[in-house]
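Below is one structure, written out as structure tokens; comments come after it.
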Protein chains: 2
Amino acid sequence: MRKWEDPSRHQKLIAGAALNTPLYKEVKRLLTETISGGEWKPGSAIPAEWKLAERFDVAVGTVRKAVDELVGENILIRQQGRGTFVAAHNRARLMFHFFHIVRNDGSKLTPEVVMLSFGNGVADAEEAAHLGIKAGAKVFHIRNVLRLADEPIIFDTIVIPQALFPKLTASKVVNRPNTIYHLYQTAFGITVVRSAERLRARLADAESADILGIKVKSPLLEIRRVALTFNDAPVEFRRSLINTEHYEYFSDLAKTGGG
Amino acid sequence: MRKWEDPSRHQKLIAGAALNTPLYKEVKRLLTETISGGEWKPGSAIPAEWKLAERFDVAVGTVRKAVDELVGENILIRQQGRGTFVAAHNRARLMFHFFHIVRNDGSKLTPEVVMLSFGNGVADAEEAAHLGIKAGAKVFHIRNVLRLADEPIIFDTIVIPQALFPKLTASKVVNRPNTIYHLYQTAFGITVVRSAERLRARLADAESADILGIKVKSPLLEIRRVALTFNDAPVEFRRSLINTEHYEYFSDLAKTGGG
DNA sequence: AAGTGGTCTAGACCACCAT
DNA sequence: TGGTGGTCTAGACCACTTA
């Protein structure tokens, strides 16, 4: 009997998943687990598709469909002729997927990050809700100012649970050789895969006006971002205040799906 | 000779397309042309996949890959057991893909649209640039206030080229039975398929403060949206001013690709 | 030349919908 | 019961990278 003639192997592979789960969804889940479990490191290649097909005892086409979705979610990266790689955080990736500020003329600049403070603290109600932890749980608060073209444009407050980032110190943050998401990934094994953002307009208070070098009551764009890892588990809550006099936030939706 | 043994038929189908264009991209282009050309109307089913495969002389899998991308771009809608349909504009579609305002608690309300004015005019430099027309070209200006929970929250100014919407009148806009994008689609054959948005914070001037029932110099979120049809051709430029005291703009990126 | 992903084909069977 | 999309398989060949 050839394998596609055996109706039970599908259920065997699934082993506890919901009934009627497509095989490729199950393969996708196994791939995701293998990545988040650390068997394949960020930046390295995963096995060739035919090897994965053999390992999971499915057809190559089924593996391809699973990989297709993970590529669409920016978790894997395909390179024709080279292989398929686990996405690693670097400046280019951060700028492309997580930095949505452009100058009025549409050009995109890389910000210079200056840390203002690093502190131990506890989560307030809002922070706790966004991070899926209890109010009062220990967190780190990191405040940065982001400079574009030598002007302070963005005032960031980052909140992360101490439980996820044990023994993080200010010096580790300041002396990181790469982006902070790269630090999360390499030092704590936490990969940020997507984010959800909420935006509103507000007036600058005394502190943010001082930091951004503008007048009190100037208009500011406020972004609240929750950064998520696999299975939509929250990792970081970030509040950004942006002086949009010469910069804008852009949201190009769709365009993800096709070519 | 079986058809997959004939290496020339691929180039035959492409007929002038760039070299090495994948077949499914060509099929996608033909599907898009057939839709925008009006052979298949919004809301109606397109032929079954095996019929399309026969019509284009390709395998069903190739048709599926082309349709996959158009589904990802919200141009086609698949319904298992029923068929594949050309996406039609309606309230649900508008709310899901083009209305990104939620209440602070995350709930989404349907706005009540009240038209303030409808006028002939000419495009200024900014409007012309966004619409891909010449400054001074004739446009319609439509101003609306959008009410949520009986409060005026959004002040919209819509700019559309008269060349694309000949003989549009205020009464057609006011008496439309459905959304304005549905009107574009049914009365002018123009289907909005996606949009690109830029956001910033600004202070309310006298007019917007009056319309939104807030104080002058209150903070407002400004959205500039360009709505696009097939091949990214611009259709509408819209400037929205939003009172974000109790409402927010949300941007959930990714999540498009996978499930 | 060897290895990888990208495309294309062909056909089986399943799940769902309308009738 | 017939028709549709959804899944899965199997295998061919192409395009690209690396050595």
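Below, chains carry the letters A, B, ... as their sequence lines are ordered, and counting in each starts from 1. These figures come from a predicted structure and were not determined experimentally.
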Margin query: By the definition salt bridge (Lys or Arg N to Asp or Glu O under 4.0 Å), identify the one residue from Arg224(A), Arg238(A), Arg147(A) that meets it with Asp156(A).
Written below: Arg238(A)
Note to self: If I take atom CG in residue Leu23(B) and atom P in nucleotide dA10(C), what distance separates them, rounded to the nearest angstrom?
What the structure shows: 11 Å
Margin query: Between Lys51(B) and Glu54(B), does the salt bridge (Lys or Arg N to Asp or Glu O under 4.0 Å) criterion hold? Intermediate values first, please.
Written below: CA-CA 5 Å; Lys51(B) 283 185 190 168; Glu54(B) 204 169 71; over 6 Å; no
Checklist line | Plane angle bin for His89(A) and Phe98(A) - parallel if under 30°, tilted between 30 and 60°, otherwise perpendicular | finding: tilted
Item checked: Presence of Thr62(B) side-chain N/O under 4.0 Å of dT9(C) phosphate oxygens OP1/OP2 -> yes
Check: Distance check: side-chain N/O of Lys65(B) vs OP1/OP2 of dT7(C), anything under 4.0 Å?
Finding: yes
Check: Can you find a pair of side-chain heavy atoms, one from Leu31(B) and one from Trp40(B), that are under 4.5 Å apart?
Finding: yes
Next item on the list: Round to a whole Å and report the spacing from CH2 of Trp50(A) to P of dG11(D).
Entry: 14 Å
Item checked: Rounded distance in Å - CG (Asp57(A)) to C1' (dA10(D)) -> 14 Å
Check: How long is the line joining CD1 of Ile46(A) and P of dG3(C), in whole Å?
Finding: 18 Å
Check: Roughly how bent is the helix from dA1(C)-dT18(D) to dA18(C)-dT1(D) end to end, in steps of 10 degrees, with each end axis from five pairs?
Finding: 10°
Check: Using 30° and 60° as the class limits, which term best fits the ring planes of Phe250(A) and His100(A): parallel, tilted or perpendicular?
Finding: perpendicular
Notebook entry, point to check: Of all the nucleotides listed (dC8(D), dG5(D), dT4(D)), which has the minimum atom distance to the side chain of Tyr24(A)?
Noted result: dC8(D)
Checklist line | Length of the CZ-C1' vector between Phe56(A) and dT9(D), whole Å | finding: 17 Å
Checklist line | Among dG5(D), dT9(D), dG6(C), the nucleotide that comes nearest once only the side chain of Ala48(B) is considered | finding: dG5(D)
Next item on the list: Measure from CG on Asp68(A) to P on dG6(D) and round the result to the nearest Å.
Entry: 15 Å
Next item on the list: Any pair with a residue in residues 178-193 of chain A that passes side-chain hydrogen bond (donor to acceptor under 3.5 Å, both in side chains), sequence neighbours left out, goes on the list, sorted by first then second residue, please.
Entry: Tyr181(A)-Arg225(A), Tyr181(A)-Glu236(A), Tyr184(A)-Glu236(A), Gln185(A)-Thr191(A)
Check: What integer distance in Å separates Leu76(A):CG from dT4(C):P?
Finding: 16 Å
Note to self: Has Ser36(B) got a side-chain atom pairing as donor or acceptor with Thr32(B)'s backbone, closer than 3.5 angstrom?
What the structure shows: yes
Check: Within this structure, what is the NZ-to-P distance between Lys25(A) and dA15(C), rounded to whole angstrom?
Finding: 17 Å
Notebook entry, point to check: Quick one: which of Glu197(A), Arg198(A), Arg194(A) gives a side chain to side chain contact (heavy atoms under 4.5 Å, CB included) with Asp252(B)?
Noted result: Arg194(A)
Checklist line | Validation row: Ile154(A), Phe99(A) side chains within 4.5 angstrom (heavy atoms) | finding: yes
Checklist line | Residues in contact with DNA chain C, drawn from residues 77-90 of chain B - heavy-atom cutoff 4.0 Å | finding: Gln80(B), Gly81(B), Arg82(B)
Next item on the list: Please determine, for the side chain of Arg64(B), which listed nucleotide (dT7(D), dC8(D), dT4(D)) has the closest atom?
Entry: dT7(D)
